[in-house]
There are 2 protein chains.
Amino acid sequence: MPRDATPTALKVHHDHDRCIADALAAAAEVCRELGARFTPLRRRVLEIVWQSHKPLGAYGILDVLAAEGRRPMPPTVYRALDFLVAKGLVHRIPSLNAFIGCTRPGRRHDGQYLICHNCGTVAELTDEGLNTALGKAARGHGFAVESVLTEAVGLCPACAERRKTAS
Amino acid sequence: MPRDATPTALKVHHDHDRCIADALAAAAEVCRELGARFTPLRRRVLEIVWQSHKPLGAYGILDVLAAEGRRPMPPTVYRALDFLVAKGLVHRIPSLNAFIGCTRPGRRHDGQYLICHNCGTVAELTDEGLNTALGKAARGHGFAVESVLTEAVGLCPACAERRKTAS
DNA sequence: ACTTAATTTGCAACATTATAACACTTCTAT
DNA sequence: ATAGAAGTGTTATAATGTTGCAAATTAAGT
Ligand SMILES: [Zn+2]
Ligand SMILES: [Zn+2]
Ligand SMILES: [Zn+2]
Ligand SMILES: [Zn+2]
């Protein structure tokens, strides 16, 4: 896969079940490599995050789990999310208080998140050039960057198309 | 002032009272130009935000106002903050749930925020090159960026110096 | 000046997001 | 088997943010 292929979230049609299956398999592999435990709860939370096309909040995850009989309390879900974020399997989008599955798990990376203000989907870019450029600019002022999170708000391709057609 | 002069927050010594006075004067001017009302409450909230060297949360502002006799309720402060953010006088840092005074009020801009994980100060950069680079990358995937917010976490010059000296 | 409309602030109640503390269970390693 | 570590369940609470309506203030028109 080319380094900057268009993020799945920006593609109109794709086999999302496959996305989920791949993500879970990759997560299991990452955990195995890191010696971390990919427990049923963590697996299920990751799956729920991936099943949502939009970023999902912790309480949204709780609702899904509640609907399927389990009745976990907030700390349970937050702990699973903390784990998934720490292992780089999920990203938190601070401006949305919500989480999305990482499309490039395994390697550590700083992402750029493209948030559609019309449909709410979020796509993840990983442009290292942007990060190094910021690192350089900050360094010029004596600031040593360790991690970066970029949130862009705008209109996704699907919504732009829809808007054009409607007019 | 050169376009990318080092942000005030990264300078070790400066006359912060002067910072605050300048910011309030600039805010009054911006509001006048926009035909917006710079009421005492809004002015006071902006002042409180500027008086803090670190980003301040809405409830932190409430505490300051409460300590001086006034007992405003959360909506009062949130509305003042909404106004100040809308007019570009204050920025919200989502990952901190907190606010900082804008160092370049007036012109609309997307900033990069340098958050020191040691002392908590935040400096604002405004590197348009970074924003246009992200805009271009996103556009390559069909996404039309409208606004960007970049949060970098790392070590500020003062803390780096302190750490070097201590070792 | 007087009236009216719009904006701003006060206030009460509530909604959402996140964490602390501790008990209990499950897994891992010796 | 047993001890320690890691994970989960549970209760309660903290921190952050919003809705809706009433009262006060301000701006604008007559
Ligand atoms: Zn990622
Ligand atoms: Zn969209
Ligand atoms: Zn600014
Ligand atoms: Zn610092």
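Letters A, B, ... mirror the listed sequences (proteins, then strands); counts begin at 1. Because the structure is predicted, anything quoted here is derived from the model rather than measured.
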> What are the 5'-most and 3'-most nucleotides of DNA chain C lying under 4.0 Å from any heavy atom of chain A?
C:dT17 to C:dC27

> Taking five pairs at each end, how big is the angle between the two axes of the helix from C:dA1-D:dT30 to C:dT30-D:dA1, to 10°?
40°

> Are any non-hydrogen side-chain atoms of A:Pro7 and B:His141 less than 4.5 angstrom apart?
yes

> Can you pull out every ring-ring contact (aromatic ring centres under 6.0 Å, His included) where at least one residue sits in residues 65-84 of chain B? Sequence neighbours excluded, please.
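Not a single pair qualifies under ring-ring contact (aromatic ring centres under 6.0 Å, His included).
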
> Checking the side chain of B:Thr76 only, and the main-chain atoms of B:Pro72 only, is there a donor and an acceptor separated by less than 3.5 Å?
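No.
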
> Would you please name every residue forming a side-chain hydrogen bond (donor to acceptor under 3.5 Å, both in side chains) with B:Glu146, sequence neighbours left out?
A:His117

> Residues in ring-ring contact (aromatic ring centres under 6.0 Å, His included) with B:His16, at least two apart?
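Testing B:His16 for ring-ring contact (aromatic ring centres under 6.0 Å, His included), a comparison that skips the adjacent residues, returns B:His14, B:His53.
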
> Could you give the side-chain donor-acceptor pairs of residues 130-139 of chain A under 3.5 Å, partners two or more places apart or in another chain?
residue: A:Asn131; atom: OD1; partner: A:Gln112; partner atom: NE2; Å: 3.3
residue: A:Asn131; atom: ND2; partner: A:Asp110; partner atom: O; Å: 2.9
residue: A:Thr132; atom: OG1; partner: A:Glu128; partner atom: O; Å: 3.2
residue: A:Thr132; atom: OG1; partner: A:Gly129; partner atom: O; Å: 3.0

> Within the side chain of A:Lys87, is there an N or O that forms a donor-acceptor pair under 3.5 Å with the backbone of A:Ala36?
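Not confirmed, A:Lys87 side chain does not pair with A:Ala36 backbone.
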
> Applying salt bridge (charged side-chain N to carboxylate O under 4.0 Å, His left out), which residue pairs with at least one partner in residues 27-50 of chain B are found, sequence neighbours left out?
B:Glu29-B:Arg32, B:Arg44-B:Glu47, B:Arg44-B:Glu68

> For DNA chain C, find the residues of residues 39-57 of chain B with a heavy-atom distance under 4.0 Å and give them by number; none if there aren't any.
B:Thr39, B:Leu41, B:Arg42

> List, by chain and then residue number, the residues other than B:Ile93 in its hydrophobic cluster (Ile/Leu/Val/Met/Phe/Trp/Tyr, side-chain heavy atoms under 4.5 Å); write none if there are no others.
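So far as hydrophobic clustering goes, B:Ile93 is joined with B:Leu96, B:Ile100, B:Tyr113, B:Ile115, B:Val122, B:Leu149, B:Val153.
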
> Which residues in residues 75-102 of chain A have at least one heavy atom lying under 4.0 Å from any atom of DNA chain D?
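Hits under 4.0 Å, by residue number: A:Pro75, A:Thr76, A:Arg79.
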
> Decide yes or no for A:Leu41 and A:Arg70: does some side-chain heavy atom of the first lie under 4.5 Å from some side-chain heavy atom of the second?
yes

> How would you list, by chain and number, every residue that makes a ring-ring contact (aromatic ring centres under 6.0 Å, His included) with B:Phe143, sequence neighbours excluded?
none

> Distance check needed: D:dT11 C1' versus A:Leu62 CG, whole Å only.
15 Å

> Is B:Met73 isolated, or which residues cluster with it under the ILVMFWY side-chain rule of less than 4.5 Å, directly or via members?
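Result for B:Met73 is none, singleton.
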
